[in-house]
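Below is one structure, written out as structure tokens; the observations come after it.
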Protein chains: 2
Amino acid sequence: MRKSFLFIDTITNKVDAKGRVSLPSDYRAILKELSTEIVCYRSLTAPCIEGCTEELLDKLAAEMENSMDFFSQEQDDLTNLIFGDAKRFPFDSTGRINLSEKLMKHAGITDTAVFVGKGRKFQIWNPENWAKEEARIRAEVLKKRPVLNKSAEAVHD
Amino acid sequence: MRKSFLFIDTITNKVDAKGRVSLPSDYRAILKELSTEIVCYRSLTAPCIEGCTEELLDKLAAEMENSMDFFSQEQDDLTNLIFGDAKRFPFDSTGRINLSEKLMKHAGITDTAVFVGKGRKFQIWNPENWAKEEARIRAEVLKKRPVLNKSAEAVHD
DNA sequence: TTACAGGTTATGGTATAACATGGGATTTTA
DNA sequence: TAAAATCCCATGTTATACCATAACCTGTAA
């Protein structure tokens with residue numbers, strides 16, 4: 001039986017001249033029994049790197065394989081985009097991975113990386129970009145709050 | 001021992017005068033326990049070579065015989081085209097395969113080959129053609145993003 | 001609260017192994 | 001018998017594994 005796991009918390013680590021970063025120890029602890037590597041790719045929607053287990057990608061591959069849509073153009077495009085961009089990043093006994101040039105450039109990361117937990121996935125950001133993004137998200141939530149309160153009142157009436 | 005069998009990442013390798021190319025080591029690692037050869041054929045829809053394990057073709061054949069009318073006549077023909085075109089390419093101890101003239105010509109490959117992971121399959125492209133294709137796909141997929149299926153969104157959110 | 005000790009994690013540097021690639025020898029095929 | 005495919009060895013380059021030290025965090029006791 002597979003135990004569930006979550007990437008949570010936000011951790012800032014340094015990136016050295018070779019592009020090495022320590023994966024947060026909490027993240028490693030989660031993977032310890034599963035593997036010693038994670039999969040990373042460029043986010044489609046944000047200037048950041050996304051990471052997940054290979055298991056998650058494999059699930060996607062299995063679904064596509066079984067969809068009988070062997071010759072669909074749309075599926076073809078999608079698989080190219082996802083699997084072509086993803087790459088395995090093994091980490092050694094000290095827990096570091098080697099970020100590629102492509103990923104660092106996409107996220108604007110030079111000497112510092114911020115790891116942000118997202119449940120089954122996590123993201124890696126440039127510190128300034130993450131600060132802005134977090135502020136944006138918080139503002140977004142606040143804007144919607146009055147609406148949420150209204151529905152709450154409806155419940156209490 | 002690896003549990004999943006995913007071709008991922010994009011790797012560029014040189015093709016020497018004899019038509020030899022190194023299969024990316026990650027791709028070889030996947031096959032290590034299964035075999036020392038890969039199956040390649042001309043893509044039906046794009047100017048590139050497609051590669052996969054013989055196992056995948058076998059699965060396709062099994063699906064055809066078990067669900068006679070699941071595939072349309074057209075897809076049936078397409079599948080037969082693939083079987084007719086496919087050929088086994090063994091790789092030696094250094095991990096190289098010998099691309100055939102037919103395949104190289106179809107993909108416009110001369111001295112450089114780009115391997116693009118597609119999950120259970122991969123593609124081999126001429127570098128310039130792949131650059132164009134990747135740009136096209138990114139634009140296309142972003143346009144259709146709201147329509148993407150659930151599993152894809154689970155990976156790319 | 002402060003200071004300290006012990007264990008864990010992060011980071012810098014270096015030795016080692018793996019890989020891609022070129023060249024040539026040997027075998028197979030037409 | 002020539003041409004082509006396969007195999008084997010050598011080498012430069014790059015990425016990986018390993019070790020050492022520094023920073024950090026946690027708990028305990030003054």
Checklist entry - Taking the side chain from His106(A) and the backbone from Ala46(A), do they hold a donor-acceptor pair closer than 3.5 Å? => result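 Yes; judged by distance alone, with no hydrogens or angles, the pair exists.
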
Item to check | Polar side-chain atom of Arg28(B) near backbone of Leu23(B) as donor-acceptor pair, under 3.5 Å | outcome: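 It does hold such a pair.
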
Checklist entry - Linking I/L/V/M/F/W/Y whenever any side-chain heavy atoms sit under 4.5 Å apart, do Leu99(A) and Val116(A) land together? => result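 No.
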
Item to check | Axis deviation across the helix from dT1(C)-dA30(D) to dA30(C)-dT1(D), five-pair ends, to the nearest 10° | outcome: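 Computed from the C1' atoms at both ends, the axes differ by 30°.
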
Next on the checklist: Below 4.0 angstrom, which residues in residues 11-25 of chain B have at least one non-hydrogen atom near DNA chain D?
Outcome noted: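 When residues 11-25 of chain B is checked for heavy atoms under 4.0 Å from DNA chain D, the hits, listed by number, are Lys18(B), Arg20(B).
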
Item to check | Atom pair CD1/OG of Ile124(A) and Ser43(A) - distance to nearest 0.5 Å | outcome: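 Ile124(A) atom CD1 to Ser43(A) atom OG measures 11.5 Å (nearest 0.5 Å).
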
Checklist entry - Is a salt bridge present between Arg136(B) and Asp77(A), judged by a nitrogen-to-oxygen distance below 4.0 Å? => result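 Looking at Asp77(A) together with Arg136(B), the answer is yes, because their closest N to O distance falls below 4.0 Å.
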
Item to check | SB check Glu54(B) Arg88(B) (cutoff 4.0 Å) | outcome: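 Answer for the salt bridge query: yes.
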
Checklist entry - Testing Phe7(B), Phe5(B), Phe91(B), Phe89(B) for ring-ring contact (aromatic ring centres under 6.0 Å, His included) with Tyr27(B), which one passes? => result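 Only one of Phe7(B), Phe5(B), Phe91(B), Phe89(B) forms a ring-ring contact (aromatic ring centres under 6.0 Å, His included) with Tyr27(B), namely Phe7(B).
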
Next on the checklist: Please give me the minimum heavy-atom distance between Val39(A) and Ala86(A), naming the atom from each residue.
Outcome noted: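 Nearest pair, atom of Val39(A) first, then Ala86(A): CG1-CB, 3.7 Å.
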
Checklist entry - OP1 or OP2 of dA15(D) less than 4.0 angstrom from a side-chain nitrogen or oxygen of Arg88(A), does that happen here? => result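 For dA15(D), OP1/OP2 do not have a side-chain N/O of Arg88(A) under 4.0 Å.
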
Measure the distance from [atom1] on [X] to [atom2] on [N] and round it to the nearest whole Å.
X	N	atom1	atom2	answer
Asp92(B)	dA25(C)	CG	P	18 Å
Glu101(A)	dT14(D)	CD	C1'	14 Å
Phe91(B)	dA20(C)	CZ	P	11 Å
Leu99(A)	dT16(D)	CG	C1'	15 Å
Asn98(B)	dA4(D)	CG	C1'	9 Å
Arg96(B)	dG24(C)	CZ	C1'	12 Å
Glu37(B)	dA5(D)	CD	P	17 Å
Ile97(A)	dA15(D)	CD1	P	15 Å

Next on the checklist: Side chain of Arg28(A) only, heavy atoms from C-beta on: which candidate in dA10(C), dT6(D), dC18(D) is closest?
Outcome noted: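 That would be dA10(C).
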
Next on the checklist: Students often get this wrong, so: under 4.0 angstrom with heavy atoms, is Thr94(A) touching a base, only sugar-phosphate, or nothing?
Outcome noted: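 Base contact.
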
In a table with atom names and distances, give each donor-acceptor pair under 3.5 Å that connects a side chain of residues 10-19 of chain B to protein atoms at least two apart or in another chain.
| unit_1 | atom_1 | unit_2 | atom_2 | d |
| --- | --- | --- | --- | --- |
| Thr10(B) | OG1 | Gly84(A) | O | 2.8 |
| Asn13(B) | ND2 | Ser22(B) | O | 2.7 |
| Asp16(B) | OD1 | Lys18(B) | N | 2.9 |
| Asp16(B) | OD1 | Gly19(B) | N | 3.2 |
| Asp16(B) | OD1 | Arg20(B) | N | 2.9 |
| Asp16(B) | OD2 | Arg20(B) | NE | 2.7 |
| Asp16(B) | OD2 | Arg20(B) | NH2 | 3.0 |

